[in-house]
J.: 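First the structure, which I've put down as structure tokens, then a few questions once you've had a look.
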Amino acid sequence: MSTSSPCAIDPAMLGSIMSRVRTQASADPFSNPILLFALDLMLRMDRGEIDLDGLERVVRQLTAETFADRAERLRNYLGETAIAANERALADLLERKAREGGFEDFRAAISRVVFGVVFTAHPTFSITLDLARSLAELATNQTVTGVALDQAGRDERMEAAAQVDHRPPAQLSLEIEHAWVTEALNHAHDALEEVHRTALRVARDHWPEDWTKLEPRLVTLASWVGYDQDGRTDITWSRTIAARLADKLAMIERHRGKVDALERAASGDFLVSLEPLAAMLATASAAVARQIELLGAAERDPACTAAFGRAMVSGRAHALVETAPMLASIEATLVAAPDDERREALLAIRASLRTHGMGLAHIHVRLNASQLHNAARRLVGLETEPKDPANRRSYFNIINDLLGRVRPLTISFESLMEERASAKRLMMTVAQIVKYIDAETPIRFLIAETETGFTLLTALYYARLFGVADRIEISPLFETEEAFERGERVIEEALKSPHYRAYLEQQGRLCVQFGFSDSGRFIGQMAATFRIERLRLRLAQLLERHGLAKLEAILFNTHGESIGRGGHPSTFADRLRYAAPPNSRAEFERRGVRVKEEVSFQGGDGYLLFLTPAAATASMRQILDFAFDVSDETGNDPIYAAPDYSAEFFATVQQEFSSLVDDPDYAALLSLFGTNLLYRTGSRPVAREAEEWGRPSKIEHPSQLRAIPNNAILQQLGFMAVTLHGVGRAVSKDPEMFQAMRERSARFRRAVQMVAAALDRTEIDVLRAYISTLNPAMWLNGAGRARRPARAKALRELARLTEQLDRHDRLARLVRRLQSDQLWLLDAIEPAETAPRRRLILLHGIRVAVIQRICLLAMEIPNFSPQLGVTRDDILARILELDVPSAVERLRLIFPHDEGVADTPHDFGEKSQYRPEPALSYEIEHNTVFGPMLRLFDLARRIGTAITYEIGAIG
């Protein structure tokens with residue numbers, strides 16, 4: 001091996017190598033340019049021309065470039081980001097509403113909530129909050145404090161981004177996630193308050209005698225953080241109560257800041273009139289802070305829960321559980337206000353109270369339908385699943401009868417400690433929130449995997465049992481193939497119960513949630529968007545058919561920011577219209593049904609859109625443009641005039657993708673490296689390691705994964721199958737009609753833009769290069785050409801090991817299947833050869849080389865007899881699937897390097913330079929094998945963050 005000093009490398013040098021090998025490979029259909037690039041890079045490392053330090057510097061530089069590009073795309077996504085320009089646009093929008101009719105018309109228009117922003121707790125916190133702030137600042141040219149960002153400020157942020165590791169916090173907790181959402185919520189509130197103030201000013205100009213009667217609402221803000229219990233057990237009742245108390249305290253402090261500002265500029269009667277309001281808020285702040293303190297003590301020592309419970313009960317009178325005292329004080333203060341500016345400020349506080357009560361956000365609690373069924377199992381005598389045809393009717397009749405006889409029970413915080421059924425405990429937690437934290441703001445009760453009306457009646461039963469039926473909004477989540485097929489029949493089945501119908505009429509609204517994430521990964525994202533729209537249309541018909549058109553329909557479109565989970569890549573405006581197509585919104589309007597659309601902003605990726613004042617204002621402007629339907633797309637879109645074509649197109653996608661999901665080879669692909677290339681991006685606890693370490697666990701079916709890791713694995717392998725697969729086959733059936741609809745239909749074009757974006761980020765040779773890691777032929781061919789005996793031996797061993805794993809042939813078969821469908825699609829849509837695409841492919845190429853380097857290093861692990869229940873081949877199998885940290889942890893136990901007496905502190909009266917041979921050799925292995933493997937593995941994961949930037953979101 002050459003001992004020459006490493007040469008300086010940079011992205012341009014590696015990019016030129018990649019361009020050269022791609023050009024060479026274009027003339028050879030049997031070669032893979034990604035593998036050729038990885039081989040070139042490996043040879044240069046072998047010769048000492050490139051070292052790991054240099055490679056890490058290149059990755060750091062490429063990551064900074066992708067970070068800057070991500071910020072630029074966020075800017076384009078938001079559209080106009082200047083606050084003044086967006087505020088003028090909002091004023092123009094509200095001015096147009098004012099001119100459409102008289103004062104009462106305007107009051108009705110702005111007093112009705114037309115949109116909901118929902119910050120969910122999904123695990124997409126792929127970077128730190130500091131990096132996320134910098135990204136949002138670069139995108140909006142404004143700091144989080146509202147100061148314009150000059151070139152020096154941009155350079156400072158880019159220099160910082162070039163020096164830090166782009167990864168999530170090492171200890172990513174629920175509290176860190178709550179800090180993120182609190183920051184996003186505060187910016188959202190600032191933007192919404194400015195909307196309210198603008199509405200008040202417009203009204204003052206038009207109706208100077210009546211404007212103070214207005215109570216603008218328009219948009220609600222909601223949070224899942226601390227409330228989502230679907231699939232996790234670490235969010236206890238106390239953590240949910242703690243989150244709600246923290247949200248309440250944050251809102252109280254927000255109001256205190258507004259009142260303090262008024263007091264500082266007040267005098268005379270106005271100052272006197274403000275004192276009761278200020279005192280009320282100060283008292284409430286102290287009371288809630290004390291409750292939080294006592295709850296913290298109770299979480300550390302359950303014996304302290306009684307003291308917390310007493311504080312909640314006794315503190316109710318001071319903690320502002322109802323808004324009436326504050327509203328009455330504001331009305332009295334309005335009379336003393338000396339001018340319109342002060343009146344406007346007070347009216348903005350009143351509008352906030354009317355919209356959000358005493359919390360920084362509405363809350364959405366969530367659990368799974370199975371948790372409700374388990375709670376009711378003995379109550380109803382459930383011996384089978386509720387949808388079992390043989391027992392479905394009897395189960396329904398029993399729960400319906402129970403609803404007629406149920407009477408509310410009183411509970412205490414002790415009840416929460418004693419209850420073991422998660423569904424009942426969650427409903428009891430809601431009851432305690434209503435009693436002691438916020439008595440007025442409705443709480444959304446989301447039920448995942450709802451597939452029968454029985455589930456909705458069971459939720460209503462427990463709501464009545466614990467006295468909160470008038471405060472919770474029971475909402476089914478439709479996201480499975482069966483739910484899309486019969487979602488409206490689930491609600492229709494529940495409507496057979498007079499109790500459920502009476503509940504809806506009392507609520508005045510029907511809440512439904514549509515899941516783009518799980519539906520996309522099981523039937524394909526393109527099929528999911530079609531099925532969701534069809535279900536929306538059928539729900540409009542259902543409400544009219546049952547004489548319930550007077551109800552408001554709350555349609556919650558829950559999707560991620562990534563393409564695979566329904567996050568449109570083009571613009572914010574396209575995102576909103578993709579999730580809630582204008583034609584389906586018009587269908588509700590035509591039937592006289594008022595609609596409130598809600599959209600999720602998921603985790604760290606979603607919060608970016610609200611992390612600076614400028615981003616929040618731009619987002620609010622886009623939302624209200626959409627909510628007031630500034631669109632000409634309804635009624636003239638040709639896709640709706642060709643129902644047979646659209647039905648067959650999307651049915652083909654669903655058929656093809658559903659078949660892929662059930663293909664065991666697809667599960668093998670998801671198992672290739674599993675989630676090992678991904679950082680932990682959420683507070684959800686990682687599954688415990690199996691007691692028997694042995695061989696790596698395999699994914700037998702995609703249902704074993706959640707949507708985010710499922711999609712993230714595919715992103716990291718370079719093939720966006722959830723968005724792409726099946727579309728090629730659908731296109732091939734009528735290519736001319738496909739192109740015609742793409743050109744003429746806004747709805748269809750918006751869907752195809754998702755596909756085009758996925759194609760831009762997909763490269764079949766990248767996927768093939770990753771699976772080649774398990775190709776015995778590749779390693780064996782390498783052994784035949786190796787010049788050094790040690791390298792040839794290592795390559796032969798890799799060939800032996802991968803032959804034993806016997807997975808490559810399955811993966812290669814799957815790649816052929818994916819490629820076959822993709823070729824049809826490439827005939828219709830050709831990805832652009834842009835700088836970001838070239839950089840993305842380069843990042844994948846570097847990582848393929850890094851992974852191969854890890855595999856070769858693993859061959860240097862010394863032989864050992866079975867220890868700790870594992871063999872050397874077990875360790876090597878783990879490493880080949882990139883479970884490197886776990887493997888190295890075992891290796892460090894098997895090959896400790898701290899043996900012998902040389903390192904002991906005892907004085908033996910003489911010095912010794914001798915060290916036992918095993919200890920010496922183990923230290924060498926730690927320094928030359930185990931340590932470098934971990935370093936390479938970390939580099940592979942850091943490349944993953946850069947890939948995430950290029951794609952635009954994780955999962």
J.: Under 3.5 Å, is there a donor-acceptor pair between the side chain of Thr124 and the main chain of Gln602?
T.: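 Yes, the answer is positive, given that a donor and an acceptor are paired below the 3.5 Å cut-off.
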J.: Are the side chains of His362 and His356 in touch, meaning some heavy atoms are under 4.5 Å apart?
T.: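 Yes, at least one pair of side-chain atoms sits under 4.5 Å.
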J.: According to ring-ring contact (aromatic ring centres under 6.0 Å, His included), who are the partners of Phe308, at least two apart in sequence or on a separate chain?
T.: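 If we apply the ring-ring contact (aromatic ring centres under 6.0 Å, His included) test to Phe308, skipping adjacent residues, the hits are Phe413.
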J.: Roughly how far, to the nearest 0.5 Å, is the CG atom of Leu403 from the OG atom of Ser497?
T.: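 Here the rounded value is 5.5 Å.
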J.: Can you pull out every side chain to side chain donor-acceptor pair (under 3.5 Å) where at least one residue sits in residues 466-488? Sequence neighbours excluded, please.
T.: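 Qualifying pairs: Lys387-Glu482, Arg444-Glu473, Glu451-Thr480, Glu473-Arg509, Glu481-Gln654, Glu485-Arg531, Glu488-Arg538.
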J.: Is the closest side-chain donor-acceptor distance between Asn391 and Asp388 under 3.5 Å?
T.: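 Yes, a side-chain donor-acceptor pair sits under 3.5 Å.
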J.: Do the side-chain N and O atoms of Asn397 and Ser394 include a donor-acceptor pair separated by under 3.5 angstrom?
T.: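 The answer is no; no qualifying pair exists.
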J.: Could you please spell out the steps behind the side-chain contact (heavy atoms from CB on, under 4.5 Å) verdict for Leu416 and Arg425?
T.: CA-CA 6 Å; Leu416 291 173; Arg425 188 171 59 244; 4.1 Å; yes
J.: Looking at Arg545 and Glu492, is there a salt bridge between them, counting it only when a charged N and a carboxylate O are closer than 4.0 Å?
T.: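 Yes, Glu492 and Arg545 are salt-bridged.
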J.: What residue among Val468, Val430, Thr429 forms side chain to side chain contact (heavy atoms under 4.5 Å, CB included) with Ile443?
T.: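 When side chain to side chain contact (heavy atoms under 4.5 Å, CB included) is applied between Ile443 and each of Val468, Val430, Thr429, only Val430 qualifies.
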J.: Glu552 side chain to Cys511 main-chain N or O, any donor-acceptor pair under 3.5 Å?
T.: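 Looks like no, no N/O pair under 3.5 Å.
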J.: Taking only residues two or more places apart in sequence, or in another chain, which ones meet Glu449 in a salt bridge (Lys or Arg N to Asp or Glu O under 4.0 Å)?
T.: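 Glu449 satisfies salt bridge (Lys or Arg N to Asp or Glu O under 4.0 Å) with no residue once adjacent residues are dropped.
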J.: Considering all heavy atoms of both residues, which atom of Glu587 and which atom of Ala540 are nearest to each other, and what is their separation?
T.: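 Glu587 and Ala540 have their closest heavy atoms at CG-CB, 4.2 Å.
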J.: At their closest point, which heavy atom of Asp438 faces which heavy atom of Gly359, and how far apart are they?
T.: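 Closest pair (atom of Asp438, atom of Gly359, distance): OD2-N, 4.1 Å.
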J.: Output yes when a side-chain donor or acceptor of Thr182 lies under 3.5 Å from a complementary backbone atom of His178, and no otherwise.
T.: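 It does hold such a pair.
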J.: For the CD atom on Glu383, are there more than 12 heavy atoms of other groups (residues, nucleotides or ligands in this structure) within a distance under 6.0 Å?
T.: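 Counting neighbours around CD of Glu383, 12 or fewer heavy atoms of other residues, nucleotides or ligands fall under 6.0 Å, so no.
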J.: Answer yes or no: is there a donor N or O on one side and an acceptor on the other, between the side chain of Tyr462 and the main chain of Leu426, under 3.5 Å?
T.: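 A pair under 3.5 Å: no.
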J.: Supply the atom-to-atom distance Gln229 CD to Trp237 CH2, rounded to the nearest 0.5 angstrom.
T.: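 Between Gln229 CD and Trp237 CH2, I get 12.0 Å after rounding to 0.5 Å.
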J.: Would you kindly say whether Gln371 and Ser422 are connected by a side-chain donor-acceptor distance under 3.5 Å?
T.: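 Per modelled atom types, Gln371 and Ser422 side chains form a pair under 3.5 Å.
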J.: Minimum heavy-atom separation for Leu172 and Gly682, please, with both atom names.
T.: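 The pair with the smallest heavy-atom distance is CD2-N, 3.3 Å.
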J.: Hey, does the side chain of Lys424 reach the backbone of Glu419 with a donor-acceptor pair shorter than 3.5 angstrom?
T.: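 Here the side-chain-to-backbone pair does not exist.
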J.: Closest heavy-atom contact between Ala376 and Thr458?
T.: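 Looking at all heavy atoms of both residues, the shortest contact is CB-CG2, 3.8 Å.
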J.: Would the distance check show the side chain of Thr450 and the main-chain N or O of Ile447 forming a donor-acceptor pair, the cut-off being under 3.5 Å?
T.: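 Checking the backbone N and O of Ile447 against the side chain of Thr450, a donor-acceptor pair under 3.5 Å is found.
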J.: Within the supplied structure, the quantity of interest is the number of heavy atoms (other residues, nucleotides, ligands) at a distance under 6.0 Å from Glu385 CD; does it exceed 12?
T.: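 Count not over threshold, so no.
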J.: Do you see a donor-acceptor pair shorter than 3.5 Å between the side chains of Thr323 and Arg354?
T.: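 Result is no, nothing qualifies.
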J.: Between Asp228 and His122, do the side chains contain an N or O donor and an N or O acceptor separated by less than 3.5 Å?
T.: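 There is no such pair between these side chains.
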J.: Given 3.5 Å as the limit, does a donor-acceptor pair link the side chain of Thr455 with the main chain of Ala369, or not?
T.: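 Checking the backbone N and O of Ala369 against the side chain of Thr455, no donor-acceptor pair under 3.5 Å is found.
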J.: Within the 4.5 Å heavy-atom criterion, are Pro325 and Leu320 side-chain neighbours or not?
T.: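 Yes. Closest side-chain heavy atoms under 4.5 Å.
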J.: Glu414: which residues meet the salt bridge (Lys or Arg N to Asp or Glu O under 4.0 Å) condition with it, sequence neighbours left out?
T.: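 None.
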J.: Are Asp247 and Tyr227 linked by a side-chain donor-acceptor pair shorter than 3.5 Å?
T.: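 Their side chains do contain a donor-acceptor pair, which is all the 3.5 Å distance test asks for.
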J.: Run the salt bridge (Lys or Arg N to Asp or Glu O under 4.0 Å) test on Lys596 and Glu598 for me, step by step, so that the C-alpha distance in whole Å, both residues' side-chain angles and the decisive distance to 0.1 Å come before the verdict.
T.: CA-CA 7 Å; Lys596 175 194 176 188; Glu598 293 185 341; 2.9 Å; yes
J.: Give the minimum heavy-atom separation between Ile411 and Ala431, together with the two atoms involved.
T.: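 Nearest heavy atoms, Ile411 then Ala431: CD1-CB, 4.0 Å.
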J.: Quick one: are the ring centres of Phe125 and Trp180 less than 6.0 Å apart?
T.: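 Close enough - the centres of the two rings lie under 6.0 Å apart.
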J.: Is there a donor-acceptor contact under 3.5 Å from the side chain of Arg501 to the main chain of Lys496?
T.: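 No, the answer is negative, given that no donor and acceptor are paired below the 3.5 Å cut-off.
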J.: Is a donor from one side chain sitting under 3.5 angstrom from an acceptor on the other, for Asn557 and Glu597?
T.: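 Distance-only check passes for Asn557 and Glu597.
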J.: Could you go through the side-chain contact (heavy atoms from CB on, under 4.5 Å) check for Ser600 and Phe119 one step at a time?
T.: CA-CA 6 Å; Ser600 62; Phe119 295 102; over 6 Å; no
J.: Are the side chain of Glu177 and the backbone N or O of Ser683 linked by a donor-acceptor pair below 3.5 Å?
T.: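 Looks like yes, one N/O pair under 3.5 Å.
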J.: May I ask you to decide whether Arg239 forms a salt bridge with Glu299, counting only side-chain N to carboxylate O separations under 4.0 Å?
T.: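 No, this pair does not count.
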J.: If you round to the nearest 0.5 Å, how far is CD1 of Ile491 from CG of Leu548?
T.: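 Reported to 0.5 Å precision, the distance equals 10.5 Å.
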J.: Does Glu533 come within less than 4.0 Å of Arg536, counting only side-chain N to carboxylate O?
T.: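 No salt bridge links Glu533 with Arg536.
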J.: Can you find a heavy atom in the side chain of Ile363 that is under 4.5 Å from one in the side chain of Arg244?
T.: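 Ile363 reaches Arg244 side chain to side chain.
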J.: Calculate, to the nearest 0.5 Å, the distance between atoms CZ and CD belonging to Arg393 and Glu493 respectively.
T.: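 The distance works out to 9.5 Å.
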J.: Drop me the distance from Met251's CE to Leu185's CG, to the nearest 0.5 angstrom.
T.: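 Here the interatomic distance stands at 9.0 Å.
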J.: According to side-chain hydrogen bond (donor to acceptor under 3.5 Å, both in side chains), who are the partners of Ser352, at least two apart in sequence or on a separate chain?
T.: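 If we apply the side-chain hydrogen bond (donor to acceptor under 3.5 Å, both in side chains) test to Ser352, skipping adjacent residues, there are no hits.
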J.: Of the non-hydrogen atoms in Ala222 and His364, which two are nearest, and what is the gap between them?
T.: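 Between these two residues, the closest heavy atoms are CB-NE2, 3.7 Å.
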J.: Is there a side-chain contact (heavy atoms from CB on, under 4.5 Å) between Met312 and Gln432? Walk through the geometry before answering.
T.: CA-CA 9 Å; Met312 294 297 288; Gln432 295 302 82; over 6 Å; no
J.: For residues Arg464 and Leu409, determine if any side-chain heavy atom of one lies less than 4.5 Å from a side-chain heavy atom of the other.
T.: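 Side-chain contact under 4.5 Å: no.
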J.: I'd like to know whether Arg366 forms a side-chain contact (heavy atoms from CB on, under 4.5 Å) with Trp224, so could you lay out the CA-CA distance, the side-chain angles of the two residues, the decisive distance to 0.1 Å, and finally the verdict.
T.: CA-CA 8 Å; Arg366 183 173 72 145; Trp224 283 21; 3.5 Å; yes
J.: Which residue pairs pass the ring-ring contact (aromatic ring centres under 6.0 Å, His included) test with at least one member in residues 470-516, sequence neighbours excluded?
T.: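 Listed by first then second residue: Phe516-His559.
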J.: Taking Glu293 first and then Arg290, would you say they form a salt bridge - that is, a charged N and a carboxylate O separated by under 4.0 Å?
T.: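 Looking at Arg290 together with Glu293, the answer is yes, because their closest N to O distance falls below 4.0 Å.
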J.: Keeping Arg316 on the side-chain end and Lys435 on the backbone end, is there a donor-acceptor pair under 3.5 Å?
T.: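 Present.
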J.: Run Asp605 and Arg565 through salt bridge (Lys or Arg N to Asp or Glu O under 4.0 Å) and show every step you take.
T.: CA-CA 12 Å; Asp605 287 336; Arg565 293 191 299 119; 5.2 Å; no
J.: Nearest 0.5 Å, what's the CD1-CD1 distance between Ile474 and Ile472?
T.: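 Taking CD1 in Ile474 and CD1 in Ile472, the distance rounds to 4.0 Å.
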